[in-house]
Amino acid sequence: MRLERAFFERSPVTQIARELIGMVLCTEIEGQLTKGRIVETEAYAAVGDRACHAHLGRFTRRTRTMYEAGGTAYIYLCYGIHHLFNVAVNQKGVPDAVLIRGVEPLHGVETMLERRGMVKAERRLTAGPGVLSQAMGLTTAFNGHDLCTPGSQIRIEDDGVSAQLQDAIETGPRVGIDYAGEDALLPWRYWLSGSKWKSPAK
DNA sequence: CACGGGATCGTCT
DNA sequence: GACGATCCCGTGT
């Protein structure tokens with residue numbers, strides 16, 4: 001079942017990031033249905049988190065999407081090359097977000113391979129925030145897309161697996177945010193223990 | 001597997 | 001004008 005607004009419009013964001021492990025990210029882009037089980041996430045908090053793009057109420061053309069209602073896609077370009085997919089959470093006006101960092105391919109593998117220019121479904125197909133976005137057709141063109149509108153091209157589904165995996169989640173510091181000072185130490189990265197599809201980043 | 005460097009451009013200072 | 005919530009490829013072990 002599609003996750004509804006009520007799932008995303010909660011706090012704390014760390015809890016949502018944890019519960020998203022095991023959920024199924026689905027896209028229907030250019031007529032191609034792809035699905036991947038979320039195995040790695042990171043939480044970014046509006047308050048008390050220097051790593052968050054919108055910390056201290058920072059409001060710019062880029063971050064404005066984070067202030068939208070929970071369940072809105074926040075997609076931005078990183079390093080000029082990679083499209084990173086996040087979901088805004090919490091009430092409209094509170095810019096919390098969860099970054100999706102790794103998925104296990106479930107459906108539409110041929111489409112994913114084609115988009116990635118690969119012939120075999122090895123780890124680098126969808127393990128990592130930039131590569132999973134490419135595999136699933138997610139680009140900044142979908143920034144601001146509402147995941148909760150029936151018929152939307154992007155949605156997250158609960159097939160009952162997530163709840164069974166909550167005891168198999170590990171946590172650690174987030175990746176690539178040294179600029180955040182001591183907030184870089186917060187253990188706000190979550191992953192499914194032992195998953196092959198976790199991003200290789202340390 | 002570890003590492004080092006280059007790619008590439010929107011965003012903010 | 002500087003810098004990324006990254007990835008890939010080459011080289012070395």
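Here is how names work: the chains are called A, B, and so on, in the same order as the sequence lines, proteins then strands, and each is numbered from 1. Everything numeric here is computed off the predicted structure, so don't read it as measured data.
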| note | Taking every heavy atom of A/Ile154 against every heavy atom of A/Arg2, the minimum-distance pair comes out as O-NH1, 4.3 Å
| So which nucleotide from B/dT13, B/dT11, C/dA5 ends up closest to the side chain of A/Met66? | C/dA5
| query | Of all heavy-atom pairs between A/Tyr44 and A/Ile177, which one has the smallest distance, and what is that distance? | reply | OH-CG2, 3.9 Å
| task | Starting at atom NE2 of A/His53, determine the distance to atom P of B/dG10, rounded to an integer number of angstrom. | result | 16 Å
| field | Joint cluster assignment, A/Tyr190 & A/Tyr74, ILVMFWY side-chain distance < 4.5 Å | value | no
| field | Within residues 72-101 of chain A: residues closer than 4.0 Å to DNA chain B (heavy atoms) | value | A/Leu77, A/Tyr79, A/Gly80, A/Ile81
| said: What stems show up for DNA chain B when you take Watson-Crick pairs (N1-N3 plus N6-O4 or O6-N4) and G-U wobbles (N1-O2, O6-N3), both under 3.5 Å, and require three or more consecutive pairs? | reply: B:1-7 with C:6-12, B:9-12 with C:1-4
| With sequence neighbours left out, which residue pairs that include part of residues 47-67 of chain A fulfil the ring pair (Phe, Tyr, Trp, His ring centres under 6.0 Å) condition? | A/His53-A/Tyr76, A/Phe59-A/Tyr67
| field | Passing option when A/Ser199 is tested against A/Arg123, A/Arg189, A/Arg124 for side-chain hydrogen bond (donor to acceptor under 3.5 Å, both in side chains) | value | A/Arg189
| Student check: side-chain heavy atoms of A/Val175 and A/Arg101 closer than 4.5 Å | yes
| query | For the residue pair A/Leu25 and A/Met136, what are the closest heavy atoms and their distance? | reply | O-CE, 3.2 Å
| What pair of heavy atoms forms the shortest contact from A/Gly194 to A/Glu170, and how long is it? | N-OE2, 4.2 Å
| Flag side-chain contact, heavy atom, 4.5 Å: A/Lys198 against A/Leu192 | no
| task | State which residue, out of A/Arg155, A/Arg5, A/Lys92, fulfils the salt bridge (charged side-chain N to carboxylate O under 4.0 Å, His left out) condition with A/Asp146. | result | A/Arg5
| query | Is there a donor-acceptor contact under 3.5 Å linking the side chains of A/Gln15 and A/Glu19? | reply | yes
| What is the distance from NZ of A/Lys198 to C1' of C/dT6, rounded to the nearest Å? | 16 Å
| field | d(CZ, A/Arg61; C1', B/dT13) in whole Å | value | 14 Å
| said: I need the CG-P distance between A/Asn143 and B/dT11, as an integer number of Å. | reply: 9 Å
Just the atom pairs and distances: protein N or O near nucleotides 8-11 of chain C's N or O, under 3.5 Å.
unit_1: C/dC8; atom_1: OP1; unit_2: A/Arg116; atom_2: NH1; d: 3.3
unit_1: C/dC8; atom_1: OP1; unit_2: A/Arg116; atom_2: NH2; d: 2.5

| said: Just to be sure I understand the geometry, which residues of residues 179-188 of chain A put a non-hydrogen atom under 4.0 Å away from DNA chain C? | reply: A/Tyr179
| task | Could you give me the CA-CA distance, side-chain angles and deciding distance for A/Ile29 and A/Arg115, then say whether side chain to side chain contact (heavy atoms under 4.5 Å, CB included) is met? | result | CA-CA 12 Å; A/Ile29 291 166; A/Arg115 286 175 177 150; 4.0 Å; yes
| said: Which residues in residues 105-112 of chain A have a heavy atom closer than 4.0 Å to any atom of DNA chain B? | reply: none
| request: Mind checking A/Arg174 for me? I need base, sugar-phosphate or nothing, with any heavy atom below 4.0 Å counting as a touch. | output: nothing
| query | When the distance from CZ of A/Arg58 to C1' of B/dT13 is rounded to whole Å, what number comes out? | reply | 9 Å
| task | Give a yes or no on whether A/Leu138 and A/Met66 share a hydrophobic cluster (residues Ile, Leu, Val, Met, Phe, Trp, Tyr; joining criterion: side-chain heavy atoms under 4.5 Å apart). | result | no
| request: May I ask whether A/Val13 and A/Leu84 are part of the same hydrophobic cluster, defined by side-chain heavy atoms of I, L, V, M, F, W, Y residues being less than 4.5 angstrom apart, directly or through others? | output: no
| field | Under-4.0 Å salt bridge between A/Arg174 and A/Asp49 | value | yes
| field | Side chains of A/Thr27 and A/Thr34, donor plus acceptor under 3.5 Å | value | yes
